[in-house]
Amino acid sequence: IAAAQGNLVPNASFEEHLNCPVQPGFTANSKPLHWEKWLWSPEYFHACAGTLGTGDSLISVPMNGMGFQYPLDGDAYVGMATYKEDFREYVGCELLEPLVVGQTYHLSFHTNMATGGTYWNPKWASNNVGMLFTMDHNIWTGLSGPPFPFRNYAHLHSTEVITDTANWTLVSGTFVADSAYRYLLLGNFFEDALTDTVHVAGPTSSTAYYFIDGVCVTA
């Protein structure tokens with residue numbers, strides 16, 4: 001439906017890839033087409049992973065190192081830390097065309113709290129999972145890259161703490177473009193003091209982690 005309405009997000013459900021992902025961290029051969037890591041080490045999860053015996057079961061679908069979740073549709077989704085002592089992970093892409101100043105856009109994505117994973121098993125939930133537009137990219141090509149300071153705002157974000165681990169939660173809204181933004185990124189862009197959290201269950205861990213699928217930006 002989003003594609004038919006002119007979705008400006010390339011590979012919006014993360015299905016397209018050059019190679020089946022083999023390791024965590026959005027490395028060169030373990031990321032969806034058109035998407036890059038913009039801060040630290042998010043993950044690309046795909047149903048084709050988990051068969052090579054090289055640790056890729058950590059990024060398989062539906063069971064992986066972070067939790068258990070089927071994709072919203074297709075075989076893939078991405079995931080990132082949204083809270084851990086001012087530590088965040090971001091993924092980003094270049095839009096198919098820049099936004100038009102003064103145009104109203106509908107924004108949406110689906111997200112799911114990760115817990116019960118085979119390795120990391122995060123135990124916290126947070127709010128502020130969202131989308132942010134920028135004029136310039138912040139791509140990391142290796143284990144390090146340029147910093148991306150907290151903005152303490154987002155063009156779309158979840159104001160409520162999302163604790164649903166079974167179902168995908170839709171986050172949606174509209175905004176009027178104030179610049180000809182070229183890039184879109186996903187994550188929590190608010191510092192700890194402005195982020196609400198809930199310790200869900202089990203042994204205490206310091207991380208909130210969310211899966212994201214079905215990203216849409218339409219005029």
Side-chain angles (χ1 to χ4, degrees), residues 13-15 17 19-32 35-92 109-130 140 143 157-158 160-171 185-188 192 195-215:
S13 290
F14 312 106
E15 299 299 312
H17 56 89
N19 301 286
C20 183
V22 296
Q23 60 185 0
F26 244 65
T27 58
N29 294 316
S30 298
K31 62 186 179 183
W35 289 86
E36 304 285 350
K37 60 181 175 182
W38 281 43
L39 192 66
W40 296 112
S41 54
E43 272 71 51
Y44 179 41
F45 302 94
H46 199 286
C48 67
T51 60
L52 302 179
T54 57
D56 60 328
S57 61
L58 295 177
I59 50 172
S60 60
V61 170
M63 191 75 219
N64 54 62
M66 292 296 182
F68 181 94
Q69 182 59 43
Y70 287 100
L72 177 70
D73 55 57
D75 296 312
Y77 47 79
V78 297
M80 65 214 67
T82 62
Y83 175 84
K84 184 182 178 182
E85 298 176 354
D86 279 330
F87 173 86
R88 305 289 188 268
E89 295 173 329
Y90 301 143
V91 301
F109 64 91
H110 291 76
T111 189
N112 175 262
M113 177 195 161
T115 192
T118 60
Y119 188 78
W120 296 286
N121 194 12
K123 298 293 186 182
W124 287 82
S126 81
N127 67 345
N128 290 338
V129 184
W140 283 30
L143 298 178
H157 69 284
S158 60
E160 301 296 326
V161 176
I162 296 174
T163 58
D164 195 336
T165 62
N167 303 295
W168 289 96
T169 298
L170 173 66
V171 181
L185 63 158
L186 307 172
N188 173 14
D192 285 0
T195 298
D196 295 329
T197 59
V198 173
H199 180 226
V200 177
T204 301
S205 73
S206 59
T207 305
Y209 193 96
Y210 282 80
F211 302 132
I212 292 181
D213 202 357
V215 184

Query raised in the report: Taking only residues two or more places apart in sequence, or in another chain, which ones meet His17 in a ring pair (Phe, Tyr, Trp, His ring centres under 6.0 Å)?
Result: His46
Report summary line: Test side chain to side chain contact (heavy atoms under 4.5 Å, CB included), reference Leu186, set Trp38, Trp35, Tyr90, output is Trp35
[X] versus [Y], closest heavy-atom pair with distance:
{"X": "Leu58", "Y": "Asn64", "answer": "O-CB, 3.2 Å"}
{"X": "Leu143", "Y": "Trp40", "answer": "O-CZ3, 4.4 Å"}
{"X": "Gly214", "Y": "Ser13", "answer": "CA-OG, 3.9 Å"}
{"X": "Phe87", "Y": "Ala81", "answer": "CE2-CB, 4.1 Å"}
{"X": "Met80", "Y": "Pro42", "answer": "CB-CB, 4.2 Å"}
{"X": "Met113", "Y": "Ala125", "answer": "SD-CB, 3.7 Å"}

Report task. List in chain and number order the residues that pass side-chain contact (heavy atoms from CB on, under 4.5 Å) with Val61, two or more places apart in sequence or in another chain; answer none if no residue qualifies. Result -> Phe45, Ala47, Pro71, Tyr77
Just how far is it from atom [atom1] of [X] to atom [atom2] of [Y], taken to the nearest 0.5 Å?
{"X": "Phe68", "Y": "Asn112", "atom1": "CZ", "atom2": "CG", "value": "11.0 Å"}
{"X": "Glu43", "Y": "Ile59", "atom1": "CD", "atom2": "CD1", "value": "8.0 Å"}
{"X": "Phe211", "Y": "Gln69", "atom1": "CZ", "atom2": "CD", "value": "7.0 Å"}
{"X": "Thr169", "Y": "Tyr210", "atom1": "OG1", "atom2": "OH", "value": "8.5 Å"}

Query raised in the report: Within a radius of less than 6.0 Å around OH of Tyr119, do more than 12 heavy atoms belonging to other residues, nucleotides or ligands occur?
Result: no
Has the side chain of [X] got a donor or acceptor atom that lies under 3.5 Å from a matching backbone atom of [Y]?
{"X": "Glu15", "Y": "Ala76", "value": "yes"}
{"X": "Tyr44", "Y": "Phe14", "value": "yes"}
{"X": "Asn121", "Y": "Thr115", "value": "no"}
{"X": "Asp213", "Y": "His110", "value": "no"}
{"X": "Ser158", "Y": "Val129", "value": "yes"}

Query - Pair Thr82-Ser126, side-chain donor/acceptor within less than 3.5 Å - result: yes
